[in-house]
Visitor: 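Here it is: the structure, laid out below.
Both backbone and side-chain heavy atoms feed into the values below; hydrogens, waters and symmetry mates do not. The chains referred to below are lettered A, B, ... by the order of the sequence lines, with proteins before strands, and numbering in each begins at 1. Because the structure is predicted, anything quoted here is derived from the model rather than measured.
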Amino acid sequence: MSSTRCAVCKYFRRRCPSDCVFAPCFPPDNPQRFTCVHRIYGASNIGKMLEELPMHLRVDAVDSLYYEAKWRIQEPVYGCVGIISSLHRQIHIAQTQLAKARAETAFLRANVVAAKTMPSSGEFMAQQNSIDNGLDDQSNPWFY
Amino acid sequence: MRSQEARSSSSCAACKFMKRRCTPHCLFAPYFRADEPNKFAKVHKVFGASNVTKILNEVPEPQRQDAVNSLVFEAEERLKDPVYGCIGAIASLQDKMFQLQHDLAVAKARLARCSSRASYASCSTTSPLMMLDGEFGLTSFDDFMVVDQGGLTTDFRQHPFP
């Protein structure tokens, strides 16, 4: 019997063969990693999943299974799907805020352009004063 | 006499899949209808029937439908992406969120600059006489009041977005 059994073979109290599919992914110094994953997925399902994957991706796959299993244990109803829902909500809020900020900016820019293209206040005042005082009004007898 | 239950034609998808008798108190029946066979097949492939049973037994009955929906979602993600599953979806959403936060910070900085420019523009095009309250309706630079040629004022403090 190998003296360096993987966490899975230790759990099942069996011999750990040299080509054990679990050994690279479940080191003996972290038994919790396997117990967590086993509780949610079961060892045989994990084994089937790993066998379908290339060797260099198996550790990443077990890492993600471990995180998902941990979340499912902590939150049995929603698991990590609760986090996905929460992120979708936050993204929606941020998109709304972004659209609002951009719309307000566009509005203000249009306002600034409109204010600059309008006649200056001095000219406006002069026009008003001249009209009010009848300076341009030819019917006003003051001209004559 | 054989029980009616054994001959029931309304086996749930789980019992049909596992080729077993579907009892009236079947745990899976409310959540895996016979017309949705793929739903249970996905969950079975990833989690296994006994693990799903354990998870559902840990959850109060009113929340079991939500639990099943989330298990189905996780199973689908895992089958689509056997390496990263839902974690890949979470990472992708987080990247999107970081990008949005950056874009929002840039947009807010631009808005702040435009606000100060708009205040300056309304100041520079406004005669000091127009600052008098009442005559032309302008009371402060912060009000974003615009005076048109007819002397009417429009209050743009009412933003279109809630």
Visitor: Between Ala106(A), Ser44(A), Ala101(A), who has the most heavy-atom pairs with chain B when the cutoff is under 4.5 Å?
Guide: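 Highest number of pairs under 4.5 Å: Ala101(A).
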
Visitor: Report the distance from atom NZ of Lys108(B) to atom NZ of Lys100(A), rounding to the nearest 0.5 Å.
Guide: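 It comes to 9.0 Å.
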
Visitor: Drop me the distance from His88(A)'s NE2 to Lys96(B)'s NZ, to the nearest 0.5 angstrom.
Guide: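 His88(A) atom NE2 to Lys96(B) atom NZ measures 8.0 Å (nearest 0.5 Å).
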
Visitor: Please identify, among Asp81(B), Leu71(B), Val68(B), Val106(B), the residue contributing the most non-hydrogen atom pairs under 4.5 Å to chain A.
Guide: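 Max contact count across the listed options: Leu71(B).
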
Visitor: For the residue pair Ala89(B) and Ile84(A), what are the closest heavy atoms and their distance?
Guide: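 Scanning both residues completely, I find the closest heavy atoms to be CB-CD1, 4.2 Å.
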
Visitor: For the residue pair Pro82(B) and Met49(A), establish whether any side-chain heavy-atom pair is separated by less than 4.5 Å.
Guide: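 No, every pair of side-chain atoms sits at 4.5 Å or beyond.
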
Visitor: Looking at side-chain heavy atoms only, is the closest gap between Ser115(B) and Glu104(A) below 4.5 Å?
Guide: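 Heavy-atom side-chain distance check fails, nothing below 4.5 Å.
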
Visitor: Relative to chain B, which segment of Asn45(A) carries a heavy atom at a distance below 4.5 Å: side chain, backbone, both, or neither?
Guide: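 Interface part for Asn45(A): side chain.
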
Visitor: To check you understand the geometry: which heavy-atom pair defines the closest contact between Leu53(A) and Val83(B), and what is its length?
Guide: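 It is CD2-CG2, 3.8 Å.
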
Visitor: Is it the side chain or the backbone of Glu75(A) that comes within 4.5 Å of chain B heavy atoms, both, or neither?
Guide: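 The answer is neither part of Glu75(A).
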
Visitor: Is Asp66(B) reaching over with its side chain to a backbone N or O of Val77(A), donor-acceptor style, under 3.5 angstrom?
Guide: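 Pair absent, no side-chain N/O of Asp66(B) close to backbone of Val77(A).
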
Visitor: Between Phe73(B) and chain A, with a heavy-atom cut-off of 4.5 Å, which part of the residue counts as in contact: side chain, backbone, both or neither?
Guide: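 Side chain only.
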
Visitor: Side-chain contact test, heavy atoms from C-beta onward, threshold under 4.5 Å: evaluate it for Arg72(A) versus Glu74(B) and give yes or no.
Guide: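 Arg72(A) reaches Glu74(B) side chain to side chain.
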
Visitor: Under a 3.5 Å distance rule, please check whether Thr105(A) uses its side chain to pair with a backbone N or O of Cys114(B) as donor and acceptor.
Guide: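 Not a single qualifying donor-acceptor pair exists.
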
Visitor: Determine the option with the most heavy-atom pairs under 4.5 angstrom with chain B, choosing from Arg58(A), Gln95(A), Lys48(A), Glu52(A).
Guide: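 Option with the greatest count: Gln95(A).
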
Visitor: Are Arg39(A) and Glu58(B) within salt-bridge range, i.e. N to O under 4.0 Å?
Guide: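 Looking at Arg39(A) and Glu58(B), the cut-off is met.
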
Visitor: Between Leu93(B) and Leu87(A), what is the shortest heavy-atom contact and its length?
Guide: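 Taking every non-hydrogen atom into account, CB-CD1, 3.9 Å.
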
Visitor: Assigning hydrophobic clusters by single linkage (Ile, Leu, Val, Met, Phe, Trp, Tyr; side-chain heavy-atom cutoff under 4.5 Å), is Phe40(B) placed with Tyr41(A)?
Guide: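 Same hydrophobic cluster.
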
Visitor: Let me check something: do Phe12(A) and Ile40(A) share a hydrophobic cluster, defined by ILVMFWY side-chain heavy atoms less than 4.5 Å apart, either directly or through other members?
Guide: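 Phe12(A) and Ile40(A): one cluster.
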
Visitor: When clusters are formed by joining ILVMFWY residues with side-chain heavy atoms under 4.5 Å apart, either directly or through shared neighbours, do Leu50(A) and Leu79(B) land in the same one?
Guide: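 Linked within one cluster.
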
Visitor: Is the closest side-chain donor-acceptor distance between Asp60(A) and Tyr84(B) under 3.5 Å?
Guide: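 Distance-only check passes for Asp60(A) and Tyr84(B).
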
Visitor: Give the cluster check for Ile93(A) versus Leu104(B): same hydrophobic cluster or not, with ILVMFWY residues linked at side-chain heavy-atom distances below 4.5 Å.
Guide: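 Cluster IDs for Ile93(A) and Leu104(B) differ.
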
Visitor: Between Val59(B), Val46(B), Ile55(B), which residue shows the highest count of heavy-atom pairs closer than 4.5 Å to chain A?
Guide: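 If we count pairs closer than 4.5 Å to chain A, Val46(B) comes out on top.
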
Visitor: Taking side chain as everything from C-beta outward and backbone as N, CA, C, O, which of these in Leu65(A) sits under 4.5 Å from a heavy atom of chain B? Side chain, backbone, both or neither.
Guide: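 Its backbone and side chain both get close to chain B.
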
Visitor: Which region of Ile83(A), side chain (C-beta onward) or backbone (N, CA, C, O), has a non-hydrogen atom less than 4.5 Å from a non-hydrogen atom of chain B, or is it both or neither?
Guide: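 Just its side chain gets close to chain B.
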
Visitor: With a 6.0 Å cut-off (strictly less than), is the heavy-atom count around OH of Tyr67(A), excluding the residue itself, greater than 12?
Guide: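 Not more than 12 within 6.0 Å, no.
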
Visitor: Is it true that Tyr78(A) and Ile87(B) fall in one hydrophobic cluster, defined by side-chain heavy atoms closer than 4.5 Å?
Guide: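 Different clusters.
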
Visitor: Under 3.5 Å, side chain of Glu68(A) to main-chain N/O of Cys86(B), donor-acceptor pair present?
Guide: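 Such a contact is found between Glu68(A) side chain and Cys86(B) backbone.
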
Visitor: Under 4.5 Å between any side-chain heavy atoms of Pro76(A) and Gln63(B), yes or no?
Guide: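 No, every pair of side-chain atoms sits at 4.5 Å or beyond.
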
Visitor: Say you draw a straight line from CD of Glu77(B) to SG of Cys80(A); how long is it, rounded to the nearest 0.5 Å?
Guide: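 Between atom CD of Glu77(B) and atom SG of Cys80(A) there are 9.0 Å.
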
Visitor: What part of Arg78(B) is in contact with chain A, defined as an atom under 4.5 angstrom from a non-hydrogen atom: side chain, backbone, both or neither?
Guide: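 Contact with chain A: side chain only.
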
Visitor: For the atom pair CD1 (Ile91(A)) and CD (Gln94(B)), what is the distance rounded to the nearest 0.5 Å?
Guide: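 That separation rounds to 9.5 Å.
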
Visitor: Side-chain contact, heavy-atom cut-off 4.5 Å: Leu111(B) with Phe107(A)?
Guide: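 Counting from C-beta outward, Leu111(B) and Phe107(A) never come under 4.5 Å.
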
Visitor: So for Ala107(B), is it side chain, backbone, both, or neither that comes closer than 4.5 Å to the heavy atoms of chain A?
Guide: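 Both parts, backbone and side chain.
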
